[in-house]
Amino acid sequence: MDSKEFINRRQRLAEKMPDHSALVLFSGVVKTRSHDDNYPYSPNRNFYYLTGIARSNLILMITKRAGTVTETLFLQRPNELEAKWTGAVLSDQEAKEQSGIEHFDYLDEWLQSFATFMRRCEGKGSLYLDLYRYLWSDEQTPAETFADDARKKYPTLQIHDAGPWLKALRMVKSPAEIDEIRRAIAITDEAIRRMWSHARPGIMEYELEAHYDFTLKSHGVRELPYLPIIASGINATVLHYEANDQRAEDGDLVLLDLGAASNYYAADISRTFPVNGRFTDRQKEIYQLVLEAEIKTIEAVKPGVTLQQLNDVTKQVFTDGLLRLGLIREDSELSNYYYHAVSHHLGLDTHDVSDYSAALQPGMVITIEPGLYIEEEAIGIRIEDDVLVTADGCEVLSSQIPKEIEEIELLIGKKK
């Protein structure tokens with residue numbers, strides 16, 4: 001993306017900041033896997049959202065005092081010896097080109113810079129950090145560590161979570177962000193078609209995964225938004241099945257839930273197909289019900305609607321259909337076969353930051369993913385598309401990926 005994209009984002013965020021406040025974001029650290037080996041680094045998404053930089057051990061500080069906004073990016077000092085082993089650190093020129101930030105200091109100067117800001121605020125300062133925590137047991141983040149230290153140094157400092165500001169910005173995508181999601185979807189489409197062309201009874205789930213991996217890496221996608229789900233037979237009734245180590249037998253359906261990424265923007269697609277190329281009559285009637293639910297739920301997407309209202313549409317279609325098929329006898333039994341929500345926001349995270357109760361707005365990108373899971377019949381079917389909310393409705397960004405029964409059957413096992 002052009003640096004103007006990130007400049008605009010920071011300007012919009014600065015407008016929300018009160019006077020005598022500082023926003024501090026950490027890019028994240030490289031974590032040790034074992035001995036001298038590390039896990040692959042992945043940037044803090046809020047830091048990346050404001051800078052476009054995917055490098056570890058950087059700090060962004062935005063201050064606002066007397067109406068003046070100052071942006072500083074703190075970089076690692078160059079080290080010739082380390083550069084021979086791991087490559088050169090990010091230069092100020094590279095950082096400027098990517099982010100549009102003009103002012104840089106080194107990391108060993110950053111605490112003194114924060115102290116200078118606090119002194120100039122004369123005890124009125126407030127600090128905003130990314131304080132999101134998913135689980136109690138999650139390890140402490142650099143932001144939480146800094147919050148603890150800052151409280152000790154400045155007992156009167158007011159510390160706040162910048163998450164609500166960042167969430168409000170990230171929920172509505174710019175045209176450049178939507179283009180990234182489109183590219184991720186296009187790569188995912190190619191990967192799914194490759195998997196279908198190599199599908200056959202007896203293939204291992206991980207063999208299908210290998211074809212998926214090949215396509216993504218052929219497009220330079222090194223980091224997956226999430227681990228792919230390639231679930232055959234009864235495995236497809238487990239929502240987050242990730243083992244991908246079983247054999248797809250003749251007659252099995254295979255549920256795919258996967259997505260590529262483009263500059264960390266994710267695709268999230270689900271398709272279900274018969275590994276032998278032909279749906280049975282029973283599989284067809286369940287599949288058609290899931291497809292009907294998806295189509296009707298997509299038709300309900302428009303500004304002003306909430307995700308809960310979309311889920312209500314899905315549940316009503318499923319309830320009517322399962323009563324008709326005789327799988328349930330009363331509405332309350334639906335949860336035996338459908339037990340997840342139909343939608344979530346999509347962006348830099350697969351389950352992107354969002355307010356589940358908020359009304360949809362143009363520019364938001366969400367998934368629509370109804371599914372039915374009939375364990376006693378070893379049938380799990382989910383169909384998922386990525387949808388852009390527009391001024392008067394929506395656009396299905398992944399409409400090019402086949403999902404009609406006839407289309408899918410034509411592609412299974414048909415190598416180019």
Side-chain angles (χ1 to χ4, degrees), residues 185-219 221-222 224-260 267-291 294 325 327 337-338 340 369-385 398 400-416:
I185 290 170
I187 297 170
T188 306
D189 176 27
E190 183 179 331
I192 289 173
R193 290 172 186 268
R194 181 181 175 89
M195 295 167 78
W196 281 346
S197 72
H198 288 82
R200 67 183 189 283
I203 194 170
M204 301 297 291
E205 294 165 348
Y206 54 69
E207 290 182 82
L208 290 170
E209 184 176 4
H211 291 292
Y212 167 73
D213 288 343
F214 177 84
T215 302
L216 267 60
K217 285 186 169 56
S218 296
H219 286 278
V221 180
R222 300 292 301 278
L224 301 179
Y226 60 99
L227 293 178
I229 296 169
I230 302 170
S232 61
I234 198 169
N235 298 331
T237 65
V238 180
L239 283 185
H240 288 164
Y241 171 82
E242 293 174 346
N244 299 349
D245 62 357
Q246 299 299 303
R247 189 179 304 279
E249 303 291 355
D250 193 10
D252 280 352
L253 292 177
V254 180
L255 189 157
L256 307 176
D257 189 336
L258 36 74
D268 187 6
I269 304 296
S270 294
R271 291 292 187 267
T272 307
F273 69 96
V275 74
N276 65 7
R278 289 290 178 268
F279 289 89
T280 66
D281 289 342
R282 178 59 167 174
Q283 291 168 350
K284 283 182 180 180
E285 63 181 3
I286 303 300
Y287 187 95
Q288 282 298 143
L289 177 55
V290 176
L291 184 58
E294 199 216 16
L325 293 175
L327 261 175
Y337 301 106
Y338 173 66
H340 61 81
E369 50 179 304
L372 288 174
Y373 313 95
I374 309 171
E375 185 176 358
E376 61 270 25
E377 298 184 40
I379 292 177
I381 296 172
R382 184 162 61 251
I383 307 171
E384 177 182 18
D385 282 291
S398 49
Q400 73 270 39
I401 307 177
K403 59 185 176 184
E404 295 288 346
I405 286 176
E406 296 77 9
E407 294 179 295
I408 293 173
E409 289 184 336
L410 284 173
L411 292 171
I412 304 304
K414 303 297 188 298
K415 296 182 178 62
K416 293 181 181 179

Main chain of P228, side chain of N244: is a donor-acceptor contact present, judged purely on distance under 3.5 Å? yes
Strictly distance-based, threshold 3.5 Å: is any side-chain N or O of R271 a donor or acceptor partner for the main-chain N or O of I408? no
Heavy-atom closest contact (L255 atom, A236 atom, distance): CB-CB, 3.7 Å
Heavy-atom distance under 4.5 Å between the side chains of L411 and P402, does that happen here? yes
Rounded distance [0.5 Å steps], CD in E369 versus CG in D385: 10.0 Å
Checking side-chain contact (heavy atoms from CB on, under 4.5 Å) for the pair L258/I192: CA distance, chi angles, key distance, verdict? CA-CA 9 Å; L258 36 74; I192 289 173; 3.9 Å; yes
Is there side-chain contact between E205 and V254, with at least one heavy-atom pair below 4.5 Å? no
Within a strict 4.5 Å, meaning less than it, do heavy atoms of the D252 and N276 side chains meet? no
Point-to-point distance, once rounded to the nearest 0.5 Å, from CD1 of I383 to OG1 of T272: 6.0 Å
To the nearest 0.5 Å, tell me how far L224 CG sits from Y212 OH. 5.0 Å
Distance col, row L253:CG vs Q283:CD, nearest 0.5 angstrom, shows 3.5 Å
How are the rings of W196 and F273 set to each other: parallel, tilted or perpendicular (split at 30° and 60°)? perpendicular
Rounded to the nearest 0.5 Å, what separates atom OH in Y337 from atom CD1 in I374? 6.5 Å
Measure the CG-CD distance between L327 and E285 for me, rounded to the nearest 0.5 Å. 8.5 Å
Pair Y373 and H340, ring centroids less than 6.0 Å apart: yes
M195 and side chain to side chain contact (heavy atoms under 4.5 Å, CB included): which partner among I230, I412, T215? I230
side-chain contact (heavy atoms from CB on, under 4.5 Å) assessment of E409 paired with I405: CA-CA 6 Å; E409 289 184 336; I405 286 176; 3.9 Å; yes
Does the pair R282 and I286 meet the rule for a side-chain contact (heavy atoms from CB on, under 4.5 Å), with working shown? CA-CA 7 Å; R282 178 59 167 174; I286 303 300; 4.1 Å; yes
Between P225 and A267 the two heavy atoms that sit nearest each other are CG-O, 4.4 Å
Go through the steps to decide whether D189 and I269 satisfy the test side-chain contact (heavy atoms from CB on, under 4.5 Å), and finish with yes or no. CA-CA 9 Å; D189 176 27; I269 304 296; over 6 Å; no
For residues 234-250, pull every pair meeting salt bridge (charged side-chain N to carboxylate O under 4.0 Å, His left out), keeping only residues two or more places apart or in separate chains. none
Is a donor on one side and an acceptor on the other found under 3.5 Å between the side chain of T237 and the backbone of G380? no
Search all heavy atoms of G371 against all heavy atoms of Y338 and return the closest pair with its distance. O-CD1, 3.1 Å
